[in-house]
Amino acid sequence: MGVDSVPTNETSLAVAEPAAPAAPAAAKTPAKPAGKPPALVVESTPDPPVNKMRRRIVWASIAGFLTTCFLMFVRSFLPR
């Protein structure tokens with residue numbers, strides 16, 4: 001059982017499939033999506049400045065922690 005050098009329909013990837021006949025363009029009305037009516041937009045009150053300051057402190061703490069971890073990682077690979 002050797003390798004067949006003549007490509008066949010089963011072995012060739014370049015074999016073109018016969019083109020399917022074009023579907024006739026039917027004049028259908030577009031289907032309306034079934035379901036709920038559009039949702040109402042809910043607006044909330046803006047956050048008080050205290051929460052904004054808390055978020056800023058928390059993100060600064062996270063950034064400081066990750067920076068410290070990165071510097072410890074880099075320090076272990078630097079020569080003395």
Side-chain angles (χ1 to χ4, degrees):
M1 292 195 175
V3 176
D4 191 11
S5 62
V6 179
T8 62
N9 285 343
E10 292 83 24
T11 60
S12 176
L13 295 177
V15 174
E17 296 294 325
K28 294 182 181 179
T29 58
K32 293 184 180 179
K36 303 174 190 174
L40 298 174
V41 176
V42 178
E43 294 184 15
S44 62
T45 59
D47 286 333
V50 174
N51 285 347
K52 289 184 180 182
M53 184 56 108
R54 280 185 194 148
R55 286 191 188 111
R56 186 172 292 161
I57 291 170
V58 168
W59 279 113
S61 301
I62 292 171
F65 175 76
L66 292 176
T67 301
T68 304
C69 289
F70 175 72
L71 291 175
M72 289 188 298
F73 174 76
V74 169
R75 181 179 181 265
S76 65
F77 292 107
L78 292 175
R80 290 185 162 224

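Because the structure is predicted, anything quoted here is derived from the model rather than measured.
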Run the side-chain donor-acceptor check on residues 51-58: report pairs under 3.5 Å with partners two or more places apart or on a different chain.
residue	atom	partner	partner atom	Å
N51	OD1	R54	NH1	3.3
R55	NH1	D47	OD2	2.7
R55	NH2	D47	OD2	3.0

Would you say the side chain of F70 lies within less than 4.5 Å of the side chain of T67, judging by non-hydrogen atoms?
no
Linked, directly or transitively: W59 and L66 (ILVMFWY side chains, under 4.5 Å):
yes
From R75 atom CZ to L71 atom CG, the distance as rounded to the nearest 0.5 Å:
10.5 Å
